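Keep in mind the model is a prediction, meaning the values are calculated, not measured. Order of the sequence lines fixes the chain letters, A, B, ..., with proteins taken first and strands second; residue numbering starts at 1 for each chain.
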Amino acid sequence: MSGASYCPNTPEEIREMLAAIGVGSVDDLFRPIAPGLRAKSFDLPEGMSEFEMLRHFQTLAGKNAQHLTPFVGGGFYDHLIPAVVDHLSGRAEFYTAYTPYQPECSQGTLQALFEYQTAICRLTGMDVSNASLYDGGTALAEGALMALRVTGRSRLVIDGAVNPLHRDIVRTYLASLDVELVEIGPKLGMEDDARLRAAIDDATAAVIVQNPNFFGSVSDFRRLAADAHAAGALLVVSAYPVALGLVESPGAMGADIVVGDGQSLGNPLSFGGPSFGFIASRKEYIRNLPGRIIGETVDRKGQRGFVLTLQAREQHIKRHKATSNICSNQSLCALRGLIFLSALGKEGFAELARLNYDKAEYAKGVLGGLSGVEVVNGSATFNEFTLCLRKSADEVVAGLLKRGVAAGVPLGPYYPDMGNCLVVTVTEKRTREEIDTFARQLEGVLWS
Amino acid sequence: MELIYEQSRSGRRGVRLPASDVPAAAGLPASLARSEAANLPEVSELDVVRHFTNLSRRNFSVDTHFYPLGSCTMKYNVKAIEEAARLFAPFHPMVPLLPGGASFSQGSLGLAHELGSVLAEITGMDEVTTQPLAGAHGEMTGIMLVAAYHKAKGNKKKYVVVPDSSHGTNPASAAMVGYEIITVPTAPYGDMDLDKFREVMTDEVAAVMMTCPNTLGLFNPHIKEICDIAHDHDALMYYDGANLNAILGKVRPGDVGFDVIHVNLHKTFGTPHGGGGPGSGPVGVKKQLVPFLPDPRIVKHADGSYAVDFAPHRTSIGRTAGFFGNFGVMAKAFAYITMLGRQGLIEVSEQAVLNANYVMSRLKDVYDLPYDQTCMHECVFSAGRQVKNGVHAIDIAKFLIDRGYHPPTVYFPLIVKEAIMIEPTETESKETLDAFIEVMRAAAELAETEPAAFAAMPETMPVTRLDETKAAREQNVCYFGC
């Protein structure tokens with residue numbers, strides 16, 4: 001036989017098993033499948049050893065550009081990952097475990113996820129968190145659905161400065177439901193606070209914003225929160241977790257539901273996944289939180305232990321009346337997030353945020369100082385900012401790619417009147433030399 | 001065990017960051033700056049290593065224990081696939097979306113596209129999107145495609161039909177897309193009741209969601225007929241791929257008449273479950289649904305290069321996730337398929353089915369078997385006989401934990417009272433199965449001779465049986481001070 005199989009039974013054992021079952025051959029076991037239903041084709045290559053497979057994969061990975069310096073974000077960020085994250089999350093007892101349905105033999109996963117929930121609450125300033133969602137965009141959609149459930153209303157106001165990829169996901173999730181989604185266009189780099197506040201009425205379930213927004217701008221949402229609450233609506237905030245080391249928590253600004261993408265917390269870019277989405281809220285909304293929640297309890301001897309709790313909200317019990325359809329979540333990625341936050345700790349995490357901020361401020365100064373380049377953000381920014389250029393951002397970005405720099409995300413596809421603008425991302429991983437090189441290259445492309 | 005927060009000592013810290021090579025900037029305005037640092041643990045790197053290492057030792061896992069967890073397909077996770085996926089870890093998903101950027105991501109785009117092609121061949125579908133991030137996410141995406149199809153045709157459809165043996169995710173996913181659910185009961189022989197099915201099928205049904213083999217482990221002999229009835233009403237057939245492991249190379253849902261399928265890469269193609277995720281749920285469709293697939297799409301040009309399709313697909317349902325799916329999981333599944341190849345995959349289903357039937361045949365004299373037929377890759381017993389002595393399925397589960405086995409799935413499917421659902425998978429040896437069978441038989445014997453003994457189990461774990469009611473009532477989901 002060619003290829004690997006990972007089926008351990010020997011021909012002798014297979015004979016013994018068939019005899020115990022009372023059939024003559026393995027094929028007899030497939031008799032319930034009528035001949036007419038059998039596969040018409042199964043045209044796949046024969047298998048490879050792991051060594052051949054790895055050589056094949058190395059060739060494939062080699063077809064990606066190996067030396068691009070990334071200044072792109074868009075929801076995924078190139079951050080440092082301490083060695084302990086890979087080492088500990090890679091332990092087989094975490095890695096190859098399943099959902100902790102049997103709590104006594106899953107205390108490792110359960111306690112870790114309880115600690116994760118605590119970390120998310122502390123970052124976001126919220127009371128309760130679930131044990132993770134898929135990613136930032138689907139978390140935003142779940143946050144929107146949750147606000148509809150909590151308020152019993154059917155209208156959502158969403159800021160156009162929310163990540164356009166995430167808004168697209170929200171639109172997809174809401175497409176078949178009887179919900180009105182009002183999108184408020186942004187002003188260069190800023191949410192339009194006055195128009196957002198004016199759009200709230202007594203049918204509005206929630207106002208949805210992002211901090212920092214897609215343009216990198218950091219905002220104070222206290223007034224928006226107050227107006228939303230006065231109208232009986234919720235404030236849903238999508239937050240970038242690294243910014244929460246420096247920027248005031250959404251909870252302190254009056255948010256009711258906070259969501260975001262946890263990739264930045266110890267998960268590699270991995271071409272867009274896996275990552276994890278987080279969702280946290282005020283305590284009174286816990287029964288409307290989607291997904292798994294871990295709760296503390298005691299065993300027969302009074303010892304502390306952890307279990308999956310409030311399962312009556314979930315699909316395996318409530319079926320079509322569940323708060324969501326989520327079954328598998330992103331546990332291992334959430335665990336990586338917890339290990340990351342624990343390894344950096346209170347001081348280290350604040351320092352990480354500060355480092356991102358300082359690097360981006362330096363880049364903003366250097367790039368914004370070039371002739372033909374203007375920084376357009378109307379307020380403070382965190383690790384991302386928006387540049388408008390003397391020529392098409394598409395052309396500039398394409399030119400810089402050829403010089404080994406992924407310069408940023410051009411805004412034209414998402415904001416048609418911003419075809420000359422791009423969002424530049426600078427994390428703690430970018431060196432001063434890389435930033436200075438970027439500036440020189442940008443100048444070259446701009447004036448060529 | 002202490003929480004990481006309880007080990008915190010003010011001023012202690014773990015990993016250090018690089019020194020800054022740029023000047024310190026003026027800070028954020030006071031109204032925007034965090035007034036108080038997030039109260040994360042203050043611990044050393046060794047504290048972190050010891051804490052999480054010790055936590056991990058309080059888990060069962062496939063690498064340490066046999067996990068006959070029905071419907072979850074907990075097979076051995078081949079180690080080489082980890083190395084394969086790691087090769088793709090540094091690549092940013094935004095690069096191929098940049099102008100001229102696709103040529104810088106040919107490896108990743110190619111892998112995602114080729115995985116889609118291979119899954120299409122395995123399932124008999126015309127095209128596959130890898131975007132959905134989990135099985136249930138795939139289901140929801142699939143039903144969104146169904147909704148878009150009917151909308152485009154001007155069909156007014158209100159219902160999705162599911163058998164009562166279905167996974168809870170099926171009705172939940174359909175409800176998320178705005179459909180009402182019609183549940184069809186299971187007939188005494190273990191398949192969906194055909195007469196009841198005919199009764200509920202009207203032109204208002206948008207889709208029928210089936211798992212085949214179903215959650216009783218049985219292959220439905222009337223599946224073709226069911227597809228035909230659905231199609232007569234212009235309803236689409238949805239295939240829940242949770243049990244695909246049983247039929248690789250034997251049946252292709254697309255050949256039978258299914259129009260949409262999701263595949264759980266973490267089940268059938270052996271990527272690790274990670275304590276509950278990440279999974280990955282690619283969705284395959286027949287031609288009539290291709291125009292509605294989520295954006296962005298990866299296309300292959302005649303010259304063999306790959307591109308991201310930016311053309312506005314007016315009929316696309318839009319994005320269901322940020323980028324191209326759980327790529328790391330996809331890479332592992334593709335590595336697994338590459339290693340097993342055609343023959344290896346066929347052997348997977350054959351050995352999975354053999355192992356399940358072996359366990360079934362050797363336990364059916366001591367446990368009730370409500371549907372006594374040749375099973376596929378899993379079988380469902382009932383602890384009904386043991387309940388007469390006061391021993392429930394959950395008690396047998398706890399007994400197994402003390403004997404070093406992860407319990408089977410219990411209390412699912414809901415239609416079997418005191419269900420015990422066993423799925424050994426193909427990667428377990430006869431010796432392992434024999435040892436497990438002996439322990440299951442010992443449980444049945446103990447239920448006869450000393451039923452009261454179960455109440456104290458499990459006794460060998462760091463905690464004894466946990467009070468789930470208290471957890472739900474007191475709702476402590478965050479360590480105090482949050």
Is it true that atom CZ of A/R300 has more than 12 heavy atoms of other residues, nucleotides or ligands lying nearer than 6.0 Å? yes
For B/S20, is it the side chain, the backbone, both, or neither that has a heavy atom closer than 4.5 Å to a heavy atom of chain A? both
Contact origin within B/L69 toward chain A - heavy atom pairs under 4.5 Å: side chain
Go through the atoms of A/V409 and report whether side chain, backbone, both or neither lie under 4.5 Å from a heavy atom of chain B. both
Top contributor to chain A contacts, counting heavy-atom pairs under 4.5 Å, from B/I346, B/V353, B/I401, B/N77: B/V353
Between chain A and each of B/G100, B/A172, B/S361, B/G124, count heavy-atom pairs under 4.5 Å; write down the option with the most. B/A172
Can a side-chain donor-acceptor contact be found between A/E115 and B/H51 if the only test is distance below 3.5 angstrom? yes
Would the distance check show the side chain of B/S105 and the main-chain N or O of B/S108 forming a donor-acceptor pair, the cut-off being under 3.5 Å? no
I need the residue from B/A175, B/A80, B/P29 with the largest number of non-hydrogen atom pairs under 4.5 Å to chain A. B/A80
Give, as side chain, backbone, both or neither, the part of B/F52 having an atom under 4.5 angstrom from any heavy atom of chain A. both
Of the listed residues (B/G14, B/P41, B/P90, B/S280), which shares the most heavy-atom pairs with chain A below a 4.5 Å separation? B/P41
Applying side chain to side chain contact (heavy atoms under 4.5 Å, CB included), run through A/D299 and B/R465 and close with a yes or a no. CA-CA 5 Å; A/D299 72 358; B/R465 224 182 279 196; over 6 Å; no
Top of B/T374, B/L354, B/V256 for chain A proximity - count of heavy-atom pairs under 4.5 angstrom: B/L354
Residues passing the side-chain hydrogen bond (donor to acceptor under 3.5 Å, both in side chains) test with A/R38, sequence neighbours excluded, are none
What residue, out of B/L97, B/V43, B/V177, has the most heavy-atom pairs lying under 4.5 Å from chain A? B/V177
Of all residues at least two apart in sequence or in a different chain, which pass the side chain to side chain contact (heavy atoms under 4.5 Å, CB included) check with A/T99? A/Y101, A/R292, A/L308
Which atoms of B/F104 are under 4.5 Å from chain A, going by heavy atoms: the side chain, the backbone, both sets, or neither? both
